[in-house]
Amino acid sequence: MSFLSDIEIAQQATIKPIKEIAKKIDIHEDDLEFYGKYKAKLPLSLQKEKPNGKLILVSAMSPTKYGEGKTTMSIGLVDGLNYIGKNAVAVLREPSLGPVFGLKGGAAGGGYAQVIPMEDINLHFTGDFSAIEKANNLLSAVIDNNLQNPKYSLHIDPKSIAWKRVMDMNDRALRQIIIGVGAKGNGTMREDGFNITPASEIMAILCLSKNLEDLKFRLGNIYIGKTLDGKAIFARDLKVVGAMAALLKDAIKPNLVQTLEGNPAILHGGPFASIAQGTNTVIATKTGLSLSNYVVTEAGFGADLGAEKFFHIKCAQSDLKPDAVVLVATIRALKHHAGLTANEFKTENVQSIEKGFCNLEKHIENIQKFGINPIVCINAFPEDYHSEYEKLIELCATKGVKALVSTAFAEGGKGSALLAETVISTIETASNNYHTLYNPENSITEKIEIVAKEIYGASNVNYTNKAQTQLKMINELGFNQFSVCMAKTPMSFSDDEKKIGRPTDFTITIREFEISSGAGFIVPLLGDVMRMPGLPAIPNAERIDIDSEGKIYGLS
């Protein structure tokens with residue numbers, strides 16, 4: 001196991017010019033839009049409507065604060081597939097600055113299973129998040145401008161405005177604000193708020209759009225609020241869709257980088273899975289499937305969030321279908337869900353694996369409900385014991401699931417070769433009866449109940465008075481056919497992060513709804529989850545620094 005930090009490993013790696021990586025998947029240098037030597041944008045023309053590649057989804061058991069390494073295992077699997085002679089590409093999300101400066105730190109993988117240039121990827125990268133912010137906040141500015149424009153007023157009811165501003169930073173002070181304070185020229189005073197950029201509907205729209213035309217159509221369908229006489233208003237009514245799309249003209253193009261082992265990686269889009277849909281763009285996924293035989297992608301947090309949304313939102317809107325699903329698990333996560341503390345993780349404890357298996361077991365069952373039998377990837381850590389691996393492999397076998405250990409963090413592609421071989425074998429030999437659990441024809445409440453009861457294991461769903469009023473409005477607006485994008489804590493199947501393991505006989509509460517009509521889904525907010533996170537007591541930003549030679553420290 002390496003004793004170097006992730007950033008030290010990345011900085012010592014031999015990084016190849018991006019044009020050499022492009023050649024591996026038959027992309028001509030003339031098709032690249034270079035962002036320096038090691039990053040490039042790809043043209044939309046590279047994606048096929050019905051590509052032939054096989055799609056592998058990587059998800060995980062319910063996460064813990066210790067990190068389970070889902071992105072690391074995804075990158076390791078791509079390196080493993082190429083290690084055994086297959087043509088594979090990683091298609092992943094871009095990191096948000098919120099976690100980078102907050103609690104989690106960087107999100108470019110770890111150890112010897114990383115994408116590089118790591119510092120660039122974790123910071124501003126190619127500016128996609130900035131473009132999304134600008135497009136979002138342009139709409140906000142135009143809304144407030146219209147409120148005080150007597151000549152061209154749409155007579156928007158300020159109290160009905162549902163559109164929020166966004167910023168890619170954890171800043172809890174911006175959740176609820178008052179704007180337009182002061183002189184008359186400062187605008188109409190009203191209550192407003194910020195979401196974090198990964199939760200922006202513009203991010204969701206970018207991730208679900210097929211092309212520029214579809215992007216503009218979706219932008220136009222963004223619900224703003226109502227007129228004073230109750231008529232619905234959309235972004236297209238403000239005549240700003242063209243300008244918003246112009247700001248996104250480069251952001252809509254996927255980004256090509258590489259793994260430490262010189263394999264292609266496409267990074268594009270970055271919605272969180274707890275408070276947004278949690279998967280990269282349709283364009284990037286189809287581009288990867290058009291250029292390679294295998295695409296490895298990941299969906300954020302546990303399978304109850306990212307994977308469920310991958311199936312019900314991304315696949316449903318794009319005609320994509322997963323050919324295999326990998327569930328990442330760690331021994332320490334199982335011990336956490338068994339009730340052990342971090343100090344107890346290093347002690348051999350086979351009984352805790354049996355007790356904590358209930359959490360992984362529920363995720364396995366959930367994937368099986370979608371018609372796919374998953375593969376369990378055990379991310380190896382130095383404090384693990386072989387007896388614990390053996391017990392977990394045995395427990396997975398009782399569910400009809402193959403489990404195996406990956407040492408991709410320490411060994412890169414070589415450490416993930418067995419996983420790669422198992423995935424290929426599963427795709428070639430196992431039956432795949434993929435299907436969703438609900439249809440567009442189901443009502444919003446039926447969709448919520450299906451997810452809550454089938455995926456989370458809840459007994460009941462409660463709605464606050466505010467949520468009930470909003471639900472009536474959603475139905476009146478004709479948005480009943482939309483998917484639901486549940487916003488809840490990732491730490492538990494319930495809406496209470498303290499209920500670890502596999503809670504039963506619990507009720508979830510829908511506090512309120514947000515409408516994402518351009519993206520084609522409704523966002524129910526469960527419990528006390530917020531779409532603008534806050535910083536921890538000691539944020540990761542305090543550990544990040546740069547020296548006089550430009551070398552960055554503390555990102556991992």
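Everything numeric here is computed off the predicted structure, so don't read it as measured data.
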Report summary line: Minimal heavy-atom distance between Thr445 and Ser443, with the atoms involved, is OG1-OG, 3.1 Å
Query raised in the report: Ser62 and His337: side-chain donor and acceptor closer than 3.5 Å?
Result: no
Query raised in the report: Does the pair Asp495/Arg511 count as a salt bridge with the N-to-O cut at 4.0 Å?
Result: no
Query raised in the report: Any side-chain donor paired with an acceptor under 3.5 Å for Asn379 and Glu68?
Result: no
Requested in this report: Would you name the heavy atoms of Ile364 and Cys396 that are closest together and state the gap between them?
Outcome: CD1-SG, 4.3 Å
Query raised in the report: Less than 4.0 Å between a side-chain N and a carboxylate O, is that true for Asp192 and Lys164?
Result: no
Query raised in the report: Distance only, no hydrogens: is a donor on one side chain within 3.5 Å (strictly under) of an acceptor on the other, for Asn280 and Thr285?
Result: yes
Report task. Please work out which of the three classes, parallel, tilted or perpendicular, describes the rings of His312 and Tyr438, given edges at 30° and 60°. Result -> parallel
Query raised in the report: Going by the angle between their ring planes, with limits at 30° and 60°, are Phe345 and Tyr66 parallel, tilted or perpendicular?
Result: perpendicular
**Report entry** Within residues 519-533 or reaching into it, pairs that qualify as side-chain hydrogen bond (donor to acceptor under 3.5 Å, both in side chains) - sequence neighbours excluded
**Finding:** Glu514-Arg531
**Report entry** Any donor-acceptor N or O pair under 3.5 Å, side chains Asn221, Ser517
**Finding:** no
Report summary line: Nearest heavy-atom approach of Gly102 to Asn170 is CA-ND2, 4.3 Å
Requested in this report: Could you tell me if the ring centre of Phe493 sits under 6.0 Å from that of Tyr456?
Outcome: no
Report task. State, without any angle test, whether Glu344 and Thr341 hold a side-chain donor-acceptor pair at a distance under 3.5 Å. Result -> yes
**Report entry** Salt bridge present between Glu361 and Lys399 (N-O < 4.0 angstrom)
**Finding:** yes
Report task. State whether a side-chain donor-acceptor pair under 3.5 Å links Glu497 with Ser492. Result -> no
Query raised in the report: Of Met486, Lys453, Lys488, which meets side-chain contact (heavy atoms from CB on, under 4.5 Å) against Ile508?
Result: Met486
Query raised in the report: Between Glu365 and Arg502, is there a salt bridge with N-O shorter than 4.0 Å?
Result: yes
Query raised in the report: Between Asp323 and Asn432, do the side chains contain an N or O donor and an N or O acceptor separated by less than 3.5 Å?
Result: no
Report summary line: Contacts satisfying side-chain hydrogen bond (donor to acceptor under 3.5 Å, both in side chains) that involve residues 461-482 (not counting sequence neighbours) are Lys466-Glu512
Requested in this report: Measure from the ring center of Phe301 to the ring center of Phe272 and say whether it is less than 6.0 Å.
Outcome: no
Report summary line: Residues Ile132 and Ser200: closest non-hydrogen pair is CG2-OG, 4.2 Å
Query raised in the report: Given Val282 and Lys314, is the side chain to side chain contact (heavy atoms under 4.5 Å, CB included) satisfied, shown in steps?
Result: CA-CA 7 Å; Val282 169; Lys314 182 173 182 174; 4.1 Å; yes
Query raised in the report: Is atom NZ of Lys369 surrounded by more than 12 heavy atoms (other residues, nucleotides or ligands) closer than 6.0 Å?
Result: yes
Query - Cation-pi, Phe521 ring and Lys309 (6.0 angstrom, 45 degrees) - result: no
Query raised in the report: Less than 4.0 Å between a side-chain N and a carboxylate O, is that true for Glu201 and Arg218?
Result: no
